[in-house]
Colleague: 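Next up is a structure, given as structure tokens.
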Number of protein chains: 2
Amino acid sequence: MSRRRRNAARESKLPPPEDGEPRLSRASVGRFSLYLRHLQQFAREGLPTVSSGQLGLALGKTDVQVRKDLAYLGHLGQAGVGYQVQPLISALRHTLGIDREWKVAVAGVGNLARALLRYRGFGAQGFRIVALFDADAAKVGQSVDGLAVHAPADMTQVIADSGAELGIITVPSEAAQGVAEALAAAGIHGLMNFAPVVLRLPAHVSVINVDLAIQLEQLAFLVHLAASER
Amino acid sequence: MSRRRRNAARESKLPPPEDGEPRLSRASVGRFSLYLRHLQQFAREGLPTVSSGQLGLALGKTDVQVRKDLAYLGHLGQAGVGYQVQPLISALRHTLGIDREWKVAVAGVGNLARALLRYRGFGAQGFRIVALFDADAAKVGQSVDGLAVHAPADMTQVIADSGAELGIITVPSEAAQGVAEALAAAGIHGLMNFAPVVLRLPAHVSVINVDLAIQLEQLAFLVHLAASER
DNA sequence: GGATGTGAACGACTTCACAGCG
DNA sequence: CGCTGTGAAGTCGTTCACATCC
């Protein structure tokens, strides 16, 4: 391999080094969603404020880590009191970019797609599935949970009309790369990929891979490890 | 919060520091499954050996990182040649603890469970779903993909008979903690949890959380970030 | 007292640079 | 040469210790 050639994955750079301050880390962002989840729970319970210790306890993180993470959002905490729940929720949603609705297209209408359609968690966070695609002619034209299934050939048109910006790929592995390219070409900016393949796409398309077999393997490893230590 | 009290999550410790050598890192383990996936692909294509550069390229990692990770498995590489695919696959499967069959029970028979049942990726890696549970009396007794749906009350018996060691939770959030405890009490050692809650379980039960809304939020963040940089 | 915010120490992970082998 | 393996350096992330504020 030629020296000094960077063949590593383009990883979407985090924020511009910016002027000089707290520096948003990728690890923190990964926890923001989790904080948000629990804060929403606290809000439902009517708590007006929460301390870094309480939040950390609910999540299995230390109080210091919670404070370090939250520090990025600005000085939202009050010494001796804690953080006000509602402003913190707003700040997190703003930083994550989910203080608005995101429209989502789903390619591949199988059981997984059906499960996603009925999953309340998406809607609760502002995600709305607005378009379905499937290559199976028998499925095209059908309606699933009130949404019409479209043919891949109509993708560009349907995506444009629906305003979808994100895509979820639940097609078989073999078809995933092609479908991903089609979605990208149709103007989708981010893809959640359930197919166990590494997608190759232009740099302006973000991808999150959700490989369930890999997750299960990691679980097996943990159990295997625990067993071998006993 | 009292000083010096460790309220952080119990994270399953990695290997004992061991005698003196390569030290398996959590990050490496997270990539092992990915390596395995691609090696299996290379094997299907009939490649006898593969270099760290090739593997890295296929995965978006650097060649050095691949070598560092693989070094833990022992001296499997041949200088000037690369790694033999089959021995490497065996070593990875052995280290991950998946060089055998793992039996899995699924609690909550909805669309997601159905999708998992039909997902070929599990079987391909040696996972076999052997038991289904659902609290809905209307579903109990039914058969899904040839598997009977059992009542939660029969959990201990059915788990014991089936030999399941891992569990997948696809029940609604409210029910997740209770179901998790029941599965743990029935002898399950590891749980893959799809419900968006943090499960509290005895330390000997490993948990992997798969929160799809969080994943989608992370995707939205990436897209949001990319857009704000343009 | 009870909390936040943060430099500094520490540790984990990645990348560099290069020795060594086939 | 091409490619592996690995100390050393560098970067990123977490934890500690403590100043500070209500």
Colleague: Taking atom C1' of C/dA12 as reference, at what distance in whole Å does atom CG of B/Leu24 sit?
Modeller: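 Roughly 13 Å, once rounded to whole Å.
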
Colleague: Rounding to an integer number of Å, can you tell me how far B/Lys61 NZ sits from C/dT14 P?
Modeller: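 So the two atoms are 8 Å apart, to the nearest Å.
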
Colleague: Are any of B/Arg31's side-chain N or O atoms less than 4.0 Å away from OP1 or OP2 of C/dT14?
Modeller: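 For B/Arg31, the contact criterion (side-chain N or O under 4.0 Å from OP1 or OP2 of C/dT14) is met.
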
Colleague: Specify the separation, in whole Å, of atom CG of B/Leu70 and atom P of D/dT6.
Modeller: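 Taking atom P of D/dT6 as the reference, CG of B/Leu70 is at 12 Å.
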
Colleague: To the nearest 0.5 Å, what is the distance between CD1 on B/Ile159 and NZ on B/Lys103?
Modeller: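 The NZ atom of B/Lys103 is 12.0 Å from CD1 of B/Ile159, to the nearest 0.5 Å.
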
Colleague: Atom CG of A/Asp69 and atom P of D/dC12: how far apart are they, to the nearest Å?
Modeller: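 After rounding, the gap between these two atoms is 16 Å.
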
Colleague: Given side chains that start at C-beta, do those of A/Val223 and B/Trp102 come closer than 4.5 Å, heavy atoms only?
Modeller: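 Heavy-atom side-chain distance check passes, below 4.5 Å.
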
Colleague: Measure up the B/Tyr119 and B/Phe122 rings against each other and bin them: parallel (under 30°), tilted (30 to 60°), perpendicular (over 60°).
Modeller: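 Plane angle over 60°, so perpendicular.
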
Colleague: Return the value, rounded to whole Å, for the distance between atom CG of B/Asp63 and atom P of D/dT4.
Modeller: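 After rounding, the gap between these two atoms is 8 Å.
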
Colleague: Establish, from distance only, whether the side-chain atoms of A/Ser52 and A/Asp63 form a donor-acceptor pair under 3.5 Å.
Modeller: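 There is no such pair (donor and acceptor under 3.5 Å, judged by atom type) between the side chains of A/Ser52 and A/Asp63.
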
Colleague: Please write out the pairs of protein N or O atoms and N or O atoms of nucleotides 8-10 of chain C separated by less than 3.5 Å, giving the distance to one decimal.
Modeller:
unit_1: C/dA8; atom_1: N6; unit_2: A/Lys68; atom_2: NZ; d: 3.4

Colleague: Which comes earlier along DNA chain C counting from the 5' end, the contact point of B/Val64 or that of A/Ser51, where each point is its nearest nucleotide?
Modeller: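 Per heavy-atom nearest nucleotide, the more 5' residue is A/Ser51.
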
Colleague: For D/dT4, does either OP1 or OP2 sit under 4.0 Å from a side-chain N or O belonging to B/Arg67?
Modeller: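 True: B/Arg67 side-chain N/O within range (under 4.0 Å) of D/dT4 OP1/OP2.
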
Colleague: Can you sort out the partners of A/Phe42 under ring-ring contact (aromatic ring centres under 6.0 Å, His included), two or more places apart, ordered by chain and number?
Modeller: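 Testing A/Phe42 for ring-ring contact (aromatic ring centres under 6.0 Å, His included), a comparison that skips the adjacent residues, returns none.
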
Colleague: Where does the angle between the aromatic ring planes of B/Phe221 and B/His224 fall among parallel (under 30°), tilted (30 to 60°) and perpendicular (over 60°)?
Modeller: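 Tilted: the ring planes of B/Phe221 and B/His224 meet at 30° to 60°.
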
Colleague: Would you kindly give the CZ-to-C1' distance between B/Phe32 and C/dC13, to the nearest whole Å?
Modeller: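 Checked: the CZ to C1' distance equals 14 Å.
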
Colleague: Is any side-chain heavy atom of A/Leu59 closer than 4.5 Å to a side-chain heavy atom of A/Val66?
Modeller: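 No, their side chains stay 4.5 Å or more apart.
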
Colleague: Is there side-chain contact between A/Leu166 and A/Phe127, with at least one heavy-atom pair below 4.5 Å?
Modeller: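 A/Leu166 vs A/Phe127: side chains touch.
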
Colleague: Report yes if the side chains of A/Ile214 and B/Arg37 come closer than 4.5 Å at any heavy-atom pair, otherwise no.
Modeller: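 A/Ile214 vs B/Arg37: side chains touch.
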
Colleague: Roughly, in whole Å, what's the span from OH in B/Tyr72 to C1' in C/dA12?
Modeller: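 Taking atom C1' of C/dA12 as the reference, OH of B/Tyr72 is at 17 Å.
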
Colleague: Hey, does the side chain of A/Ser52 come within less than 4.0 Å of C/dT4's phosphate (OP1/OP2), counting only N and O?
Modeller: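 So the side-chain polar atoms of A/Ser52 do come within 4.0 Å of the phosphate oxygens OP1 or OP2 of C/dT4, strictly under.
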
Colleague: Could you state the CD-C1' distance from A/Gln65 to D/dA17, rounded to the nearest angstrom?
Modeller: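 Rounding to the nearest Å, CD of A/Gln65 and C1' of D/dA17 are 17 Å apart.
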
Colleague: Identify, residue by residue, the members of residues 75-85 of chain B with a heavy atom below 4.0 Å from DNA chain D, and return them in order of residue number, or none.
Modeller: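 Heavy-atom cutoff 4.0 Å gives B/His75, B/Leu76, B/Gly77, B/Gln78, B/Ala79, B/Gly80, B/Val81, B/Gly82, B/Tyr83.
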
Colleague: Ignoring backbone atoms, test whether A/Thr62 places a side-chain nitrogen or oxygen under 4.0 Å from the OP1 or OP2 oxygen of D/dT15.
Modeller: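 True: A/Thr62 side-chain N/O within range (under 4.0 Å) of D/dT15 OP1/OP2.
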
